[in-house]
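Take a look at the structure set out below.
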Amino acid sequence: MTTPTSPTSPRPGLRIGVDLGGTKVEAVVVEVGGAEPNVLARRRVPTERDRGYEHVLDVVRQLVLGLAEDAGIDAQSTPIGVGMPGSTTLLLPDGTRSSVPLIKNSNTTCLNGRPFRAELAEALGRDVAFANDANCFALAEATWGAARGARVAFGVIMGSGVGGGLVFDGHAWDGAQGIAGEWGHVPIAGPDAVPCYCGKTGCIETFLAGPFIEAAYERRAGTRKSLAEIATAKEDPIAETLLTERIELFGRALALVINVLDPDTIVLGGGVSNVDALYTRGRDAVAREIFNDELRTRIVKHALGDSAGVLGAALLA
């Protein structure tokens, strides 16, 4: 651990990154600019979202201030970036427009419809950079991880849901509506099409997210198996058929992304990224579906693990 600097002497290159998740909030103080991230301090606390909006806001504020004290830095002069699910809107339920951005599509539902970004900045008394958590994942992997050196990188998160983030020339891209990379909510045809929480039916998320794969197996077999058990099952024709179907859908879904963006590298993250077949049979399925006679895009597993989101948040600043 590097010796903390004096809070009265800001150190160039230091950033504070915060990853606001549904169950935990993690924050780091990291020195950027080198070939590898130099993490000086780290804290992780429960989100406790069931305690409501004001509590979550205070959890993040206290975490940032406490972490800065741990590292001996000044939270007022050190750039801060926050990654979190969802994006923002100015549209109120009654059709009028808000004067500040409001959170939408967050799985920490107490934040939805609230001016979290503006109020956290006010609580900390300074500007804060924000981005979707999938963009932070992609940014970290493109800077220090499996997509290092890629001019165009697409970061895929396949876990309890399916999301994605875009990085162009080392910068995360949010898009005009803050939904860039949301490939998980493109409907496609396939077996077991079910309604998605977004209101559509047959979204990519409902085929490729871990809980949906497990639920499809249970409907067919009448018993439960974990995703890992389904992916490695031997002499289980139901599991084998389901895995084959999902790999084909994975190929079709990623081909949509490649046909539009033609990225150098696609990095897979989340629990489903641990299915080894995605990097062999899955890649072959993508190659069959794209609008080209060969697949040059690299499809690789994440290199930074759970740290990608919080490190990417630090890079936002």
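For this chain, numbers begin at 1 and follow the sequence in order. On a predicted model such as this, the values are computed, not experimentally measured, just so you know.
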Item checked: T88/I103 under side chain to side chain contact (heavy atoms under 4.5 Å, CB included): CA gap, chis, key distance, verdict -> CA-CA 4 Å; T88 60; I103 300 298; 4.1 Å; yes

Check: Do you know the tightest heavy-atom contact between P263 and V257?
Finding: CD-O, 4.4 Å

Next item on the list: Using the test salt bridge (charged side-chain N to carboxylate O under 4.0 Å, His left out), find all partners of D133 that sit at least two apart in sequence or belong to another chain.
Entry: none

Next item on the list: Enter the distance from D192:CG to L242:CG here, rounded to the nearest 0.5 Å.
Entry: 7.0 Å

Next item on the list: Could you check if a side-chain atom of V300 sits within less than 4.5 angstrom of a side-chain atom of L268, using non-hydrogen atoms only?
Entry: no

Check: Transitively linked via ILVMFWY side-chain contacts under 4.5 Å: L92 with F116?
Finding: no

Notebook entry, point to check: So, does T206 use its side chain to make a donor-acceptor pair with the main chain of C203 at under 3.5 Å?
Noted result: yes

Margin query: Pair R283, L295 - check side chain to side chain contact (heavy atoms under 4.5 Å, CB included), show working.
Written below: CA-CA 9 Å; R283 189 184 188 283; L295 175 61; 3.7 Å; yes

Notebook entry, point to check: Any side-chain heavy-atom pair from L304 and F137 closer than 4.5 angstrom?
Noted result: no

Notebook entry, point to check: Quick one: does V25's side chain get under 4.5 Å of D19's, heavy atoms only?
Noted result: no

Check: Within the distance-only criterion (no hydrogens, no angle test), does the side chain of T47 pair as donor or acceptor with the backbone N or O of R49 below 3.5 angstrom?
Finding: no

Checklist line | I266 CD1 to T297 OG1 distance, which is reported to the nearest 0.5 Å | finding: 5.5 Å

Could you list the donor-acceptor pairs under 3.5 angstrom formed between side-chain atoms of residues 163-180 and any protein atom two or more places apart in sequence or on another chain?
| unit_1 | atom_1 | unit_2 | atom_2 | d |
| --- | --- | --- | --- | --- |
| D169 | OD1 | R151 | NE | 2.9 |
| D169 | OD2 | R151 | NE | 3.4 |
| D174 | OD1 | N135 | ND2 | 2.8 |

Margin query: Same cluster or not: I213 versus V156, using hydrophobic residues (I, L, V, M, F, W, Y) connected whenever any side-chain heavy atoms lie under 4.5 Å apart?
Written below: yes

Checklist line | Flag side-chain contact, heavy atom, 4.5 Å: Y217 against L243 | finding: no

Next item on the list: Could you grab the distance from atom CD1 of I204 to atom CD1 of I188, nearest 0.5 Å is fine?
Entry: 5.0 Å

Checklist line | Check: N105 side chain, S87 main-chain N or O, donor-acceptor pair, under 3.5 Å | finding: no

Note to self: What I'd like to find out is whether the side chain of F250 reaches to under 4.5 Å of the side chain of F207, using heavy atoms alone.
What the structure shows: no

Note to self: Tell me if a side-chain donor or acceptor on D264 pairs with a main-chain N or O of A153 at a distance below 3.5 Å.
What the structure shows: no

Note to self: Do L256 and F291 sit in one hydrophobic cluster, given that two such residues count as connected whenever their side-chain heavy atoms are within less than 4.5 Å of each other, even indirectly?
What the structure shows: no

Margin query: How about CD on E235, more than 12 heavy atoms from neighbouring residues, nucleotides or ligands closer than 6.0 Å, or not?
Written below: no

Next item on the list: Dump the intermediate steps for side chain to side chain donor-acceptor pair (under 3.5 Å) on T244 and R281, then the final yes or no.
Entry: CA-CA 9 Å; T244 296; R281 295 166 58 193; 3.0 Å; yes

Checklist line | E26 side chain to R42 backbone, donor-acceptor under 3.5 Å | finding: no

Notebook entry, point to check: If only atom types and distance count, is the side chain of W144 paired as donor or acceptor with the main-chain N or O of L311 below 3.5 Å?
Noted result: no

Next item on the list: Write down the atom of A189, the atom of L249, and the distance for their closest heavy-atom approach.
Entry: O-CD2, 3.5 Å

Next item on the list: Applying side chain to side chain contact (heavy atoms under 4.5 Å, CB included), run through T265 and I299 and close with a yes or a no.
Entry: CA-CA 6 Å; T265 303; I299 300 175; over 6 Å; no

Margin query: To check you understand the geometry: which heavy-atom pair defines the closest contact between R126 and S77, and what is its length?
Written below: NH1-N, 3.7 Å

Check: Which distance, rounded to the nearest 0.5 Å, do you find between the CE of M84 and the CG of N132?
Finding: 9.5 Å

Next item on the list: List the steps and the verdict of side chain to side chain contact (heavy atoms under 4.5 Å, CB included) for E294 and N292.
Entry: CA-CA 6 Å; E294 64 174 327; N292 198 38; 3.9 Å; yes

Note to self: Keeping E141 on the side-chain end and A146 on the backbone end, is there a donor-acceptor pair under 3.5 Å?
What the structure shows: yes

Notebook entry, point to check: Got a sec: does the CG of D306 have more than 12 other heavy atoms crowding it under 6.0 Å?
Noted result: no

Check: If you draw a 6.0 Å radius around CD in E240, do more than 12 non-hydrogen atoms from other residues or ligands fall strictly inside?
Finding: yes

Check: Of all residues at least two apart in sequence or in a different chain, which pass the ring pair (Phe, Tyr, Trp, His ring centres under 6.0 Å) check with Y197?
Finding: H185

Note to self: Could you report the tightest heavy-atom contact between A35 and R148, atom names first, then the distance?
What the structure shows: O-NH1, 2.7 Å

Notebook entry, point to check: Do E54 and R114 meet the salt-bridge criterion of a basic N to acidic O distance under 4.0 Å?
Noted result: yes

Margin query: To the nearest 0.5 Å, what is the distance between OG1 on T232 and NZ on K225?
Written below: 8.0 Å

Next item on the list: Answer yes or no: is there a side-chain heavy-atom contact under 4.5 Å between E248 and R288?
Entry: yes

Notebook entry, point to check: Just by modelled atom types, is the V162 backbone N or O under 3.5 Å from a matching donor or acceptor in the E205 side chain?
Noted result: yes

Check: Got a sec, which residues hit side-chain contact (heavy atoms from CB on, under 4.5 Å) with A129, two or more places apart in sequence or on another chain?
Finding: L316

Margin query: Taking side chain to side chain donor-acceptor pair (under 3.5 Å) as the definition, give me every residue that meets it alongside D58, ordered by chain and number, with sequence neighbours left out.
Written below: R61

Next item on the list: Could you tell me whether the side chain of L40 reaches within less than 4.5 Å of the side chain of D70, counting heavy atoms only?
Entry: no

Check: Cluster question for you: counting only ILVMFWY and a side-chain heavy-atom cut-off of under 4.5 Å, with indirect links fine, are L278 and W183 together?
Finding: yes

Checklist line | All side-chain contact (heavy atoms from CB on, under 4.5 Å) counterparts of S99, not counting sequence neighbours | finding: none

Margin query: Let me confirm one number: the OG-CG distance from S106 to N112, rounded to the nearest 0.5 Å.
Written below: 5.0 Å

Next item on the list: Treating Ile, Leu, Val, Met, Phe, Trp and Tyr as nodes and any side-chain heavy-atom pair under 4.5 angstrom as an edge, say whether V267 and Y279 lie in one connected cluster.
Entry: no

Next item on the list: Would you confirm whether R117, through its side chain, and L102, through its main-chain N or O, come within 3.5 Å as a donor-acceptor pair?
Entry: no

Note to self: Is it the case that the side chain of Q76 and the backbone of L124 share a donor-acceptor pair, with hydrogens and angles ignored and the cut-off at 3.5 Å?
What the structure shows: yes

Next item on the list: Decide yes or no for R246 and P191: does some side-chain heavy atom of the first lie under 4.5 Å from some side-chain heavy atom of the second?
Entry: yes

Next item on the list: Provide the closest heavy-atom pair for L208 versus V272 in the form atom of the first, atom of the second, distance.
Entry: O-CG2, 3.5 Å

Note to self: If you apply the rule salt bridge (charged side-chain N to carboxylate O under 4.0 Å, His left out), what do you find for E182 with K104, and how did you get there?
What the structure shows: CA-CA 14 Å; E182 290 290 1; K104 67 175 181 179; over 6 Å; no

Next item on the list: Search all heavy atoms of T78 against all heavy atoms of L14 and return the closest pair with its distance.
Entry: CG2-O, 3.6 Å

